[in-house]
A.B. asks: 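Got a structure here, written out as structure tokens. Questions coming.
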Amino acid sequence: MPHHQLIVVGGGLAGLRAAVEAKASGLDVAVLSQVHPGRSHSSAAQGGINAALANHPDAHDDTPEKHAFDTVKGSDYLADQDTAIQMTKDAPGVIFEMDHWGCPFSRFDDGRIAQRPFGGAGYPRTCYGADKTGHYLLHTLVERAYERQVKMYIEVFVTSLIVDEGRCRGVVAYDMINGGFHAFTADAVVMATGGAGRIYGNSTNAIISTGAGAAMAYHAGVPAEDMEFIQFHPTGLLTTHILMSEACRGEGGYLVNGEGERFMARYAPKAMELAPRDITARSITTEIIEGRGINGEDYVHLDLRHLGAEKILERLPGIRDIAIHFEGVDPIEEPIPIRPVQHYTMGGIDTDVDGRTRLPGFYAAGECACVSVHGANRLGGNSLLETIVFGRRAGMAVVADLEGGSAGGGDVSAAGSAAVSAMEARVAELASRGADGADPYAIRAEMIATTRDYFGVFREESVMRTGLETLRRLKERCGGIGLRNAAGVFNLDLMRTLELEGMVDLALCVAEGALARTESRGSHSRTDFPARDDERWLVHTLAYYTPEGPRLEHAPVTLGTFEPQERKY
Amino acid sequence: MRTVNFHIKRYDPARDAKGTSRVEAFEIPYETSLTVLEGLFHIQEHQDPSLSFRYCCRASICGSCAMYINGRYRLACQTNVLHLHTDEVHVDPLPHLPLVKDLVCDMDDFFAKYEYVQPWLQRSSQEPAKEILQSPADRHKLNMPIDCILCGACYSSCPSVWTEDNYLGPAALLKAYRFEVDSRDEARKERLPRWDNERGVYRCHTIANCIEACPKELSPTEGIQWLKMAAVRRRLFGRAK
Ligand SMILES: Cc1cc2nc3c(=O)[nH]c(=O)nc-3n(C[C@H](O)[C@H](O)[C@H](O)COP(=O)(O)OP(=O)(O)OC[C@H]3O[C@@H](n4cnc5c(N)ncnc54)[C@H](O)[C@@H]3O)c2cc1C
Ligand code: SF4
Ligand code: FES
């Protein structure tokens, strides 16, 4: 049974940054990933990464403090202010480091890293590499991981945690290439499995963004924090929901309704198209509901034509390729049909500012974690930043904790074998029902339609109650799922069946959290409670797993620097 | 309801002898926006749960789903069935690579060769407190090679790869080129022996299949030719650049 001091689950930006950090301090580190790390969802990020470098001519007096303020205001004051301040303070350093490691950021004429305006930001502070920032950052970290000789187990699908004597001591995983379940034991585990977008039926996320790591932590007793806050991105492609980056608007793109009007003037007269995502998504949805979609249908236009071919080809070449290939529209010639779609999971595994969780030996970073810096609404460009800042900090925390002698110590092979046997027994049970059991793909299809239709941009009690009932029924049906194909290598049926129940559990956290929160804040917008209620709801939601469904508790928000105010843009 | 037929090359190590494969046909419902990747998911979910293929982003950026579809290298997620202009869709794994199962090939050699060229920025200078300055013109030189998604299509298409196991292949050499032309890199001399040999650039006979195969419309050949010239310049003039 392979043993490493540190196991990092996930080879996206957060996982790799944690691994590279710990490896540099001499730890024996292994990354486990269900896809080659360079194929992780982080590669799909387009628009950029925020840091107050003050490189832009209009941003010479930008500072990390101003970045922190924008982040907290954008979060509708639900972000923990200490963590937001820490993130923005660490930001310039980690960006320069990515540059020193070879990240091909776009450049200003003076040779400094180029920055563009993004929604909800007081200054143009989003560093970018054309519109492929995630791809460039990810490949840079993959390269660094090879250089540091981080051990990588590639195409290994993690299914559960090994918890022994109250400590996390590793994971159980399915070896996709050779088949079979194995224990990977460790003194510490960093979870970095990314977002849970695919619990929604209209997501910009990669197909593998199913929230697996958050679900494993939740099942192991670590609370899922603020799961009701789901970000809807204003501009997803009409048919495929593939993202059209906020950079389109950062570079000057317009949002136009069926009457040819730049309607953002009515919702955010100052910021216009560069209002934060929650506000922009609501504005588009309102236009559509009130019949002002294009031809009265459920979409509006993202118009880039006035930017001209040269700017589009230089700054937004990837957007153009995607629009052509996936929607048959060339943005140089035609406006792009878009509508708001699920994009980001603000909630996740409850951690402190160094990635530590309540389970000793278990850490989390990146989109699967909730630090919380995004609160009720994440600003564009802050998520890539979060992965690198908090991936690094989690790596440092593991090093400090293991050096401080808080390692698990004892022999864990018995616990490892027991965890593997438990997983094998679960698979055998699923396989025994075979084709007679409930169809996991039917359950998945119904779940993703329910979240999409009942827990969307606008929410209301009676609608959500219906949705919650459906999700509860689906959860019950999960108990009778059949696995039709139990053996062999690269077994998609096995992996997709095993991950399903965790997805339903996270959907239930979203639903229960959304129903309980009788206010509107950030992305959580209730038509029956349209106002923010700081008196009662300036608190985090913590969802604890129970077999009967999530048990909700609340925890205070760390304030102290920025006084909560009404958000105006 | 309109349907289309997917003809998929299948290989299961538990049942087929190494080097053999079968073709199986599946009839699936068609709608205008159907991509080949969505077709594969339809089959996996509703007809044959044992079908194996790689995927992740479904947006042509992660490089997982390169396959050989109706006689061409393509990304399954980026291929709209409509644009194939036929109801018969033939899906093969990347040709000339060992198979793991069905449409999944073994990419270990591909990544070992990638690693061999030391594809990471190397510097010995003291790092500046801020970014290393790079002019837009210098940054421009990176535009082509940094868009590689390591999908392996070029590698699978190259006759020099088929005939010489050791040849690094177009993707790894494109990576070597990417660092060769980065104004921030300081290890050109050290990296040179890794590609300036028979295993490297001289095995490229400019057949240019890679250009044809690349779904991102990149030109590994161009990078390789540039490297050859750089090696000659260095020999003749002894310069690092
Ligand atoms: C289309 C798109 C564009 C975006 N653009 C931007 C942007 O411009 N700026 C910005 O700040 N943010 C952006 N975001 C958000 C940002 O990209 C993500 O939040 C971030 O990349 C998440 O990184 P991560 O490291 O946490 O996870 P990921 O990159 O998702 O990596 C997850 C890793 O975990 C592994 N994994 C998952 N489950 C398992 C399992 N069970 N077993 C083994 N391994 C597993 C995967 O293989 C993968 O390696 C964008 C998001 C999307 C969807
Ligand atoms: S050069 Fe093109 S074909 Fe080759 S690996 Fe890169 S993206 Fe794929
Ligand atoms: S699934 Fe990522 S390139 Fe096709």
Side-chain angles (χ1 to χ4, degrees), chain A residues 35-36 38-41 43-44 53 92 95-97 99-102 104-114 129-130 132 134-136 139-140 143-144 146-147 154 176-177 204 206-208 239-240 242-243 318 321-322 325-326 328 441 444 483-485 487-493 496, chain B residues 12-14 32-33 35 37 41 44-46 48-64 78 80 100-102 104 106-107 111 114-115 118-123 127-136 138-139 142-143 146-150 178-179 182 184-185 216:
Chain A
V35 297
H36 185 282
R39 310 208 187 288
S40 299
H41 174 53
S43 68
L53 305 186
I95 298 289
F96 293 139
E97 185 174 58
D99 170 67
H100 299 165
W101 287 348
F105 289 111
S106 295
R107 302 284 164 165
F108 283 138
D109 284 341
D110 63 6
R112 292 190 295 168
I113 294 172
K132 298 169 193 167
H135 170 73
Y136 298 153
H139 280 257
T140 302
E143 290 157 9
R144 208 41 45 181
Y146 275 102
E147 188 250 340
I154 296 171
M176 295 164 65
I177 300 296
T204 61
I207 300 169
I208 67 167
T239 18
T240 54
I242 295 176
L243 183 74
D321 283 349
I322 292 173
H325 282 296
F326 292 92
Y441 302 106
R444 187 187 282 250
L483 173 64
R484 291 169 291 171
N485 177 42
V489 301
F490 227 94
N491 186 340
L492 302 186
D493 197 36
R496 300 186 74 211
Chain B
D12 182 351
T32 341
S33 65
T35 65
L37 187 66
F41 269 111
Q44 192 270 323
E45 292 185 1
H46 303 295
D48 184 349
S50 75
L51 182 65
S52 300
F53 49 94
R54 283 195 176 98
Y55 58 88
C56 177
C57 71
R58 68 79 170 82
S60 66
I61 189 67
C62 76
S64 297
Q78 188 181 253
N80 210 304
V100 174
K101 185 168 181 294
D102 297 338
V104 178
D106 180 343
M107 300 291 279
F111 280 109
Y114 158 86
E115 182 176 4
Q118 300 193 337
W120 46 82
L121 196 81
Q122 298 179 45
R123 292 170 55 82
E127 298 296 6
K130 295 187 166 185
E131 65 268 67
I132 307 161
L133 297 182
Q134 182 174 54
S135 70
D138 278 340
R139 168 60 180 73
L142 307 179
N143 274 357
I146 53 174
D147 278 357
C148 172
I149 56 173
L150 297 174
R178 177 246 175 278
F179 289 100
D182 193 323
R184 297 167 296 177
D185 192 79
K216 300 309 270 186

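Letters A, B, ... are given to chains in the order of the sequence lines, protein chains preceding strands, and every chain is numbered from 1.
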A.B. asks: Are the side chains of A:I242 and B:R58 in contact, using a 4.5 Å heavy-atom criterion?
C.D. replies: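 The answer is yes, as the side chains (C-beta and beyond) meet within the 4.5 Å cut-off.
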A.B. asks: Under a 4.5 Å heavy-atom cut-off, does chain A meet the side chain of B:P13, its backbone, both or neither?
C.D. replies: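 Only the side chain of B:P13 comes within 4.5 Å of chain A.
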A.B. asks: Backbone N or O of B:I146 within a donor-acceptor pair of the A:H135 side chain at under 3.5 Å?
C.D. replies: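 Side chain of A:H135 to backbone of B:I146: a pair is present.
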A.B. asks: Side chain, backbone, both or neither: which part of B:L142 has an atom under 4.5 Å from a heavy atom of chain A?
C.D. replies: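 Side chain only.
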A.B. asks: How many angstroms lie between NE2 in A:H139 and CD1 in B:I149, if you round to the nearest 0.5 Å?
C.D. replies: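 Those atoms lie 8.0 Å apart.
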A.B. asks: What part of A:V35 gets closer than 4.5 Å to chain B, counting heavy atoms only: side chain, backbone, both or neither?
C.D. replies: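 Contact with chain B is through the side chain of A:V35 alone.
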A.B. asks: Going by the rule side-chain hydrogen bond (donor to acceptor under 3.5 Å, both in side chains), which residues pair with B:D147 if we only count those two or more places apart in sequence or in a different chain?
C.D. replies: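 So B:D147 forms a side-chain hydrogen bond (donor to acceptor under 3.5 Å, both in side chains) with A:K132, A:Y136.
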A.B. asks: Chain A heavy atoms under 4.5 Å from B:V100: which part of the residue, side chain, backbone, both or neither?
C.D. replies: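 B:V100 touches chain A through backbone and side-chain heavy atoms alike.
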A.B. asks: Taking the inter-plane angle between the rings of B:Y114 and A:Y146 on a 0 to 90° scale, is it parallel (under 30°), tilted (30 to 60°) or perpendicular (over 60°)?
C.D. replies: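 Rings of B:Y114 and A:Y146: perpendicular, over 60°.
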A.B. asks: Rounded at 0.5 Å granularity, tell me how far CZ in B:R139 sits from CZ in A:F105.
C.D. replies: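 Rounded to the nearest 0.5 Å, the CZ-CZ separation comes out at 10.5 Å.
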A.B. asks: Rounded to the nearest 0.5 Å, what separates atom NZ in B:K130 from atom CG in A:D99?
C.D. replies: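 Between atom NZ of B:K130 and atom CG of A:D99 there are 12.5 Å.
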A.B. asks: Any chance you could measure A:H41, atom NE2, to B:I61, atom CD1, to the nearest 0.5 Å?
C.D. replies: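 So the gap between those two atoms works out to 11.5 Å.
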A.B. asks: Drop me the distance from A:I207's CD1 to B:C62's SG, to the nearest 0.5 angstrom.
C.D. replies: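 Spacing of CD1 (A:I207) from SG (B:C62) equals 8.5 Å.
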A.B. asks: Using the test salt bridge (Lys or Arg N to Asp or Glu O under 4.0 Å), find all partners of A:R496 that sit at least two apart in sequence or belong to another chain.
C.D. replies: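 Applying salt bridge (Lys or Arg N to Asp or Glu O under 4.0 Å) to A:R496 gives B:E45.
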A.B. asks: About how many Å separate NZ of B:K101 and CE of A:M176, when rounded to the nearest 0.5 Å?
C.D. replies: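 It is 11.5 Å, given to the nearest 0.5 Å.
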A.B. asks: Less than 4.0 Å between a side-chain N and a carboxylate O, is that true for B:D138 and A:R107?
C.D. replies: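 Salt bridge: no.
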